[in-house]
Structures are given as structure tokens and as C-alpha cells.
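Step one of this worksheet: look at the structure below.
Residue numbering restarts at 1 for every chain, and letters A, B, ... go by the order of the sequence lines.
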Amino acid sequence: MKKIEPVNLIFAFLGGIVLLFILGPLISMFIASSPQEILETTKDVEVQNSIWLTLLTSMGATVVFSIFAIPLSYLLARKNFYLKNLIIGIIDIPVVIPHSAAGIAILGFISRDTVIGKAASCLGFNLIGHPISISIAMAFVSIPFLLNSARDGFSSVPVRLEKAALNLGASPIRVFFTISLPLAWRNIISGLIMMFARGMSEFGAVIIVAYHPMITPVLIYERFGAFGLKYARPVSIVFIGVCLIFFILLRLLSKDRKNA
Amino acid sequence: MLEIKNISKNLDDFNIKDISFSVNKGDYFIILGVSGAGKSIILEIIAGLMEPSSGTIFLNNKNITNEKIQKRKIGLVFQDYAVFPHLSVKENILYPLKKSGLEKKEIQNRLSQLADEMSISHLLNRKPDTLSGGELQRVALARTLALNPECLLLDEPLSSLDIQLKNDLRGLLRRINKKGQTIIHVTHDYEEAIFLANKVAVINDGKIVQIGTPEQVFKNPKTKFVANFSGIKNFFKADIHTVENDNIKKAVINDKVTVNLFTEANSGNGFVIIKNKNIIISNQKPNISAMNNYQGIIADVLPAKFGVEIIVDIGILISVLISADTLEKYNFSEDKNVWISFKASSVKFLHG
């Protein structure tokens with residue numbers, strides 16, 4: 001029998017504790033709820049609505065902000081310019097600040113007395129408590145995942161291939177869409193999935209800009225506050241299930257597109 | 001046609017200094033130099049991938065120094081081919097044609113013509129990661145030739161291929177050039193220069209040290225660097241003849257001198273190369289097993305980096321390298337009658 005190195009054994013033991021740390025609470029939550037409770041929860045219209053809202057606002061945030069984020073990632077990967085490192089630092093700010101603080105910052109940015117708030121009022125709606133503000137809060141905290149992943153993707157595309165395309169008579173914009181983007185696609189997809197998933201799970205920033213309509217993380221918090229652990233748990237289980245299904249589906253989709 | 005005037009480029013750790021040369025339509029121009037001499041940088045500057053610090057580039061009398069890469073009409077085949085990995089062979093070749101303004105039918109015709117010429121018709125639906133180095137090279141060539149570039153730039157096109165593929169591709173490049181395609185090719189291999197070029201520029205440490213025909217450059221090196229770098233003076237155009245029932249072939253040089261050699265070629269023309277350090281010189285006909293023995297007259301005695309170079313006229317001029325001691329001992333001097341000998345196995349033949 002092949003001899004196992006003691007050091008590998010120690011590392012495997014330490015790693016096992018980390019895995020247990022992640023899986024333990026989740027498994028115990030599943031064990032503590034009966035299948036009937038979970039089934040009942042899936043039929044709860046309030047839960048259903050909140051899940052749809054969470055999915056749609058996070059997806060909307062991901063799609064809309066990717067239009068701005070992907071070109072910026074390309075610039076950061078390819079060009080050297082003044083204050084580039086500062087911009088790279090700014091991108092990571094949402095990751096390091098408390099999300100409730102991020103929510104306060106966004107609230108100040110979109111409230112009725114700001115330019116954006118006034119513009120929304122002119123169009124006949126109030127951003128605070130609106131799904132758009134939920135999307136903005138989600139995007140604020142999750143956009144670094146897309147920016148950094150897409151930047152890594154563009155950096156991994158050999159410059160030589162872009163130069164070859166230019167040499168073959170292609171315009172820079174054609175080179176971007178036909179060479180750089182398809183070759184960085186896996187990282188971009190991965191970034192989009194991470195941004196979408198991170199947006200869906202956001203609580204701190206969203207609850208400050210929109211308690212209502214309720215996204216699922218807020219609903220879980222509300223049920224916990226009003227009715228206790230027993231009522232918050234099944235909603236959490238259903239939502240985790242939905243998140244996992246989406247996460248797995250999108251990962252599979254990105255694998256199929258690996259040659260795109 | 002293409003004129004490079006006083007091009008310099010200052011990089012952090014390397015400089016290209018005052019490069020000037022001109023290439024005529026239909027030329028096969030080879031830039032020869034060791035690795036790191038600055039050959040690829042010159043190609044990148046001509047193609048527009050890199051801006052020169054100073055100097056100008058003219059193509060058909062038009063200043064293209066600051067012209068956009070995509071407008072230059074200069075095709076570059078990269079050393080590692082740069083075939084787009086996410087596109088099929090067909091899509092790679094069609095890439096420059098798609099926005100060329102040609103009609104669909106013309107594009108299809110061009111695709112099949114290029115695929116035929118490069119012998120890659122059977123690979124059109126394959127992805128690049130399933131191709132060999134030689135096949136990738138052909139795809140890259142087809143793709144670059146698709147737009148009929150005024151000038152084709154090749155960066156070490158044969159360096160990573162095995163001998164058989166090298167011979168095939170060398171023949172292909174020659175055929176492309178014979179059809180009128182102007183080519184600038186950089187390499188560190190003097191055999192490529194002898195075989196393909198009608199003009200050679202030798203570059204050393206970012207500077208061109210000699211330009212001329214292969215004969216001018218190799219037979220009359222202007223600097224020690226050129227002499228030492230190539231180390232080859234005995235190369236001649238020759239016709240191969242096969243003698244029945246004999247595995248030794250005969251190469252006839254200038255209809256004057258016949259040389260015995262081993263080669264797989266049975267007929268046709270090409271180049272014969274005999275390294276001067278492999279030739280023995282003596283005062284009398286030597287009694288040795290070498291199959292090539294010729295009587296001749298010493299035409300010149302020249303100092304060389306290591307020893308002395310003796311030029312012997314045997315109907316063609318042959319360079320022989322000997323030590324200074326040998327020169328003194330055997331008293332070789334101009335106009336003296338001597339014999340030279342070399343083995344059939346020390347003769348190299350490059351097929352034409």
C-alpha cells in the first residue's frame with residue numbers, strides 16, 4: 001500500500017475541519033426542518049414573490065452593470081494610464097466596507113434630494129423602496145467580482161493574438177468583439193455568475209435602501225425577528241436551494257461555452 | 001517598394017540603431033542574426049505593432065511610419081503563428097476576408113485557392129489545438145496571404161519545425177515568392193538565407209552590419225562578425241545526378257566541377273555546402289579514402305580568426321581553413337599547385 005505522508009494527513013485533517021465548518025450549519029438546518037415545512041414554504045406566495053424579486057433584481061443589476069464593467073476591465077487589463085492603480089484600489093472598496101455602510105452611502109446617493117432622486121421623481125417614481133434601488137445596492141457590493149474576474153480574463157488573452165488580428169486588417173472594435181471577448185469569455189462568465197450570486201445573497205445594503213418590496217434575505221430576517229428561528233429556517237432552506245440550482249446551472253452553462 | 005530609413009528604437013534594455021534598407025517588389029529579403037540581435041523588433045516596426053523612436057518607412061513611396069496597423073497592407077506571420085485558438089482553420093482564414101468588401105463567392109474562391117496552395121484543404125474544419133506545428137504554420141500563412149499583402153513578413157518561420165517539414169515549407173515559401181510575393185524573413189539560420197534569399201542583411205546588436213546578395217555577404221564578409229557568424233563560404237548552386245547502382249550522388253557545380261555526396265535527392269538543382277574546416281589541403285595527391293580530390297592553384301591566403309584561410313581555384317574558388325603552423329610547415333603560398341580533399345559525407349545538399 002502506498003505510504004501516506006504525515007504532513008498530507010495533517011493538512012487533510014485541518015482542511016476537513018474547514019469543510020465541516022461550512023457544511024455543518026447548513027446540514028443541521030436541513031435536518032431541523034421537516035419536508036412538510038419546506039413544501040409548505042415553497043407554496044407561500046410571499047416567499048415565492050420575494051425569490052422572484054431577488055432573482056430579477058440581481059440579474060438586472062448583473063446585466064446592466066456588465067455593459068459598463070466589461071469595457072473597464074479590458075482597459076485595466078490592456079492599457080497603462082495615469083492613476084490606474086488607484087482605480088484598481090477603488091474597485092475593491094465595496095468588498096472591504098461594511099455592507100450596511102454601503103447601503104447608507106447608496107441611500108444618500110439616490111434619496112429624493114439628490115440629482116438622481118430628483119430625476120427619478122420627474123419620471124414619476126421614488127427610487128427608495130423601488131426594485132431599481134435594490135439592484136443598485138446589489139450591484140454596488142457585487143461588481144468587484146465581475147470587474148476582477150473579467151480583468152483576469154482579458155489579461156490572459158495573449159496580446160499577440162490581438163496584434164495578429166489588427167495586422168489582418170481588423171479594426172480595434174472588431175478585435176475586441178471577435179478575439180479578446182471570446183477568449184476572455186470563461187472568466188467573464190465566471191465573474192457574471194459570482195456577481196449574480198453575490199447580489200442575490202446581499203442583505204445589509206439592500207435593507208437600508210428598500211425594506212419593501214422584500215427580497216428573500218430581508219424576508220428571512222423579518223420572519224426571524226417576528227416569528228423566530230422555526231419560521232425563518234424553511235425560507236432559508238428554500239432560498240439556499242434556489243441559489244444552488246442557479247449556481248450549478250450557470251456553471252454548467254459556462255462549461256459548455258468554454259470554446260466560445 | 002519598401003524603404004526603411006534610419007529606423008531606431010530605444011527599449012529599456014536594448015536598442016535598434018539606425019536601420020536602413022530597401023526591398024524591391026518580388027525580393028526575398030532575409031534578415032540574418034543571432035537571437036536577441038533585434039530581428040523581430042524590426043519586423044514589428046514595419047508591421048506597425050511597435051512605433052520606432054525615429055526614422056521613416058515608405059511603402060510604394062508612401063510614408064507609412066505612422067499608419068494604423070490595419071491599414072498598412074503588410075502581413076506578418078508570427079514566430080508562434082498566433083492562429084486564433086477559438087476559431088476553426090476555415091474561420092481563421094476567413095477572418096481577414098470577412099470585412100474585405102469581397103463578395104461571398106469571391107471569398108469562398110479565395111478560401112479554396114489558399115487552402116489548396118497551402119495543402120490544408122483537409123484541415124478546414126479542425127480547431128488549431130489539434131494541428132501540428134507545420135500545419136499551424138500553413139494556416140497562419142494562408143490567413144496572412146488572404147488579403148494579398150504588399151509585403152509578407154515572416155518571423156523565424158522554420159525554427160520550430162523538424163527537418164522534413166522544414167524542407168517542405170522552405171519549398172512552399174520559395175513558390176510563394178516566385179509568384180511575385182515580396183517577402184522579408186528573419187532567421188538565425190544561414191542555410192535559409194542561402195537557399196531562399198536574393199538579398200541578405202546581417203544584423204548584430206541592433207545594427208545592420210552588411211547587406212548584399214548571399215554570395216556577397218558570405219563569400220566577402222565585411223566584418224569579422226559576419227565571417228564568424230556564418231562560417232560558410234563554400235556554397236554553390238549545383239545540379240544533382242544519380243549514377244545507377246550507386247548510393248553516392250554527383251553534384252555538378254557550374255558545369256565545371258563534380259562533387260560526390262550523399263543525399264536523398266535523385267535529381268534537380270539546389271545548393272551544395274562544404275564547410276571549410278572539413279577540407280584537407282596537401283602538396284601532393286593524398287592517398288586517403290576521401291572521394292573528393294581536386295588539384296588546384298592557391299588564389300589567396302588570408303588571415304582568419306582561428307588560423308589562416310586559403311582560397312584554392314579548382315575551377316571554382318574553394319575556401320580551406322588551416323592553422324598558422326600548418327601554413328608554415330607546408331609552405332602554402334599564392335600560385336602554388338596543391339590538392340584539396342573532402343569526404344562525400346561532409347558535403348551538404350539543400351534541395352531546390
More than 12 heavy atoms of other groups within 6.0 Å of [X] [atom1]:
X	atom1	answer
A:F68	CZ	no
B:N61	CG	no
B:K17	NZ	yes
B:K207	NZ	no
A:F81	CZ	yes
B:K99	NZ	no
A:F109	CZ	no

So [Y] and [X], do their side chains get closer than 4.5 Å, heavy atoms only?
X	Y	answer
B:F84	A:L168	yes
B:F78	A:K163	yes
A:P182	B:L87	no
A:L166	B:K68	no
B:K98	A:R174	yes

task = State which residue, out of A:I179, A:L161, A:T178, fulfils the side chain to side chain contact (heavy atoms under 4.5 Å, CB included) condition with B:H86.
result = A:I179
remark   = Closest non-hydrogen contact found for A:P172 with B:Q70 is CD-NE2, 3.3 Å
For [X], is it the side chain, the backbone, both, or neither that has a heavy atom closer than 4.5 Å to a heavy atom of chain A?
X	answer
B:I74	backbone
B:Y95	both
B:V77	neither

message = Tell me which of these, B:T144, B:L97, B:D80, has more heavy-atom pairs under 4.5 Å with chain A than the rest.
response = B:D80
ask   = Would you say A:N167's side chain and B:L76's backbone share a donor-acceptor pair under 3.5 angstrom?
value = yes
